[in-house]
Amino acid sequence: MTETAVAETDAGLSLKELARRNGLSASGRLPSLPDYTRQLWAYRHFIRAHASAKMTSALGNTKLGAVWQVLTPIINAAVYYVIFGLVLGGHEETPNFIAYLCIGVFVFQFTQTVVQTGTNAITGNLGLIRALHFPRASLPLSASLVEIRNFVVALFVLMGIVLITGEPITAEWLIVLPVLVMQSFFNVGLGLFMARYGSKVRDVKQLIPFIMRFWLYGSAVLYPVTKFEDLLGGWQLQVVEANPLLVYIELMRHALLQDATLANSPTVLWIEAFVWTVLVSIGGFVYFWRGEKGYGRG
Amino acid sequence: MADNERIPTVIADEAHIIYKVHQAGGGSSSPLASFKRLATRSKNSNIREVHAVKGVSFVAYKGEAIGLIGTNGSGKSTLLRAVAGLLPVSRGAIYAAGQPSLLGVNAALMNELPGDRNVELGCLAMGMSPAEVRAKKDEIIEFSGINDKGDFSTLPMRTYSSGMSARLRFSIAAAKQHDVLLIDEALATGDAKFRKRSEARVRELRAQAGTVFLVSHSEQSIRDTCERCIWLEAGTIRADGPTDEVMKEYEAFARR
């Protein structure tokens, strides 16, 4: 049988020793972080193709097709306009509440969808993972890429809404770009984190809707951020206002609205946004990489 | 080493592979039963462990073609996936030269997309550059023969017959060069005409590859291609040796 045959041909060398002498590597060994990053870069075309393939196949059955990419954010804004603009009649203390609200909703939903699709990125593609060999981070990355593209379209719709509600175009609108880049990196890191976590603990998928709703109320999306100052003080206020989504939303409002009352001075917001971006994007990537060889089991 | 001419390419050292399967509806699924299970810390009946490969050891050398035989569910495909590095090994180890590639017909493709987009996506997923993909795309579609009955390559894959999509998948997978090639039942794809074409392609791939593993239930294709055979039964090796001898034993076992 095998072991006796091996012992004969290789004069009693242990299999491990034999493998080492011939320079064979254990399949399923974790590549180093720089190697992994390089592999991922080599797969950038796959990531892009996978993202656009998913977009096409998601809308392939609908009559309007790609029009939905623009229509979805418009309808989204219309719902909030009807409820908060017409039915409830806005907030007196907040100027241009509809634009204020829409910015919050759009920016929040960008991260929300990335969390949702990121959680499914590994568990929903087990067939592909078990059939082919590629850096697994390609999947959550392509999922995030889809949402980044959707958000860029949504941003143009958002700018249209802001203009219609009577805001002027100023040089401050350029701030949108760095905020977009920072939030995208933040989301990619969060998506990677959720992809590994969701593949390990499947129960988390059931909790995500509640966590996201809690996060929504903690990010001053549906009401002015000044509400927090009325209720909290000292360190509690600082903790609540360090919430990364609140920071990105506030920076977007700072960019697009003329006289929005911000949670903090823009300098503090920029520092917080930068720290969150670096922390979550690098942390999420490293966390995902550590689990690279376990995806596909179970 | 006693024999210097024989260069090992794949070494399995007491490899164990254990799957965890989450299954819906297994056992009692009422909230109360689940809660009781958590409170008493008993094992989750919804997660079952499948010990598919139990301590397998072998050495494969350069230039060998090895057939893997065994009854259904004996762990052949699982072992191949582990050699390819697609499934982690729970205990023991599998060593390989370079990156072994698995040639299967089950590469997941997107059913909503047309065949040619799937070819691009599949090739990129195997690590080809966009230039290579452009160069090979027509060749792959030509080889698969899906355009023989009209322009099917621009129609979504969900409109294909099962034979057609299996042929396209095989053609995509076979388009790449390999160091260690693992073939999983891929030769049984499609009609007689395509089977002849795909067997010729596999012989070509074998000539380029160092070592070939073949899983098949077709006795003929194992005898035709492999000089060595490993017989797996219930996750352990029953026999390993020249194809004729192992096949004789296996046939005696299968007839019982």
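Note: hydrogens, waters and symmetry copies are ignored here, and every other heavy atom, side chains too, is used. Reminder, nothing fancy here: chain letters follow the sequence lines and each chain counts from 1.
- Counting non-hydrogen atoms of other residues, nucleotides and ligands closer than 6.0 Å to CH2 of A:Trp215 gives a total above 12.
- Contact of B:Ser129 with chain A is not made at all, since no heavy-atom distance falls under 4.5 Å.
- Surrounding NZ of B:Lys62 are at most 12 heavy atoms belonging to other residues, nucleotides or ligands under 6.0 Å away.
- Counting non-hydrogen atoms of neighbouring residues, nucleotides and ligands closer than 6.0 angstrom, the CZ atom of A:Arg290 reaches no more than 12 such neighbours.
- Of the listed residues (B:Ala12, B:Pro130, B:Ala97, B:Cys123), the greatest number of heavy-atom pairs within a distance under 4.5 Å of chain A belongs to B:Pro130.
- The 12-atom threshold is exceeded at OH of B:Tyr250, counting heavy atoms of other residues, nucleotides or ligands nearer than 6.0 Å.
- Proximity to chain A (any heavy atom under 4.5 Å) is restricted, for B:Val10, to the backbone atoms N, CA, C and O.
- For chain A, the nearby parts of B:Ala125 are the backbone and the side chain; heavy atoms of each come within less than 4.5 Å.
- The two residues B:Leu113 and A:Ala53 come nearest to each other via the heavy atoms CD1-CB, 3.2 Å.
- Residue B:Leu121 holds its CG atom at 13.5 Å from NE2 of A:His45, rounded to the nearest 0.5 Å.
- For A:Ile129, the part sitting under 4.5 Å from any heavy atom of chain B is the backbone (N, CA, C, O) and nothing else.
- With rounding to the nearest 0.5 angstrom, the CZ atom of A:Arg48 is 9.0 Å from the CG atom of B:Leu124.
- With a threshold of 4.5 angstrom between heavy atoms, A:Arg136 approaches chain B through side-chain atoms but not through N, CA, C or O.
- Other residues, nucleotides and ligands contribute only 12 or fewer heavy atoms inside 6.0 Å of the CZ atom of B:Phe152.
- Within 6.0 Å of OH in A:Tyr197 there are 12 or fewer heavy atoms belonging to other residues, nucleotides or ligands.
- When the salt bridge (charged side-chain N to carboxylate O under 4.0 Å, His left out) test is applied to B:Lys137, the partners found at least two apart in sequence or on another chain are B:Glu120.
- In this structure, chain B has no heavy atom under 4.5 Å from any part of A:Ala42.
- Looking only at side-chain heavy atoms (C-beta outward), B:Arg117 and A:Ser52 come within less than 4.5 Å of each other.
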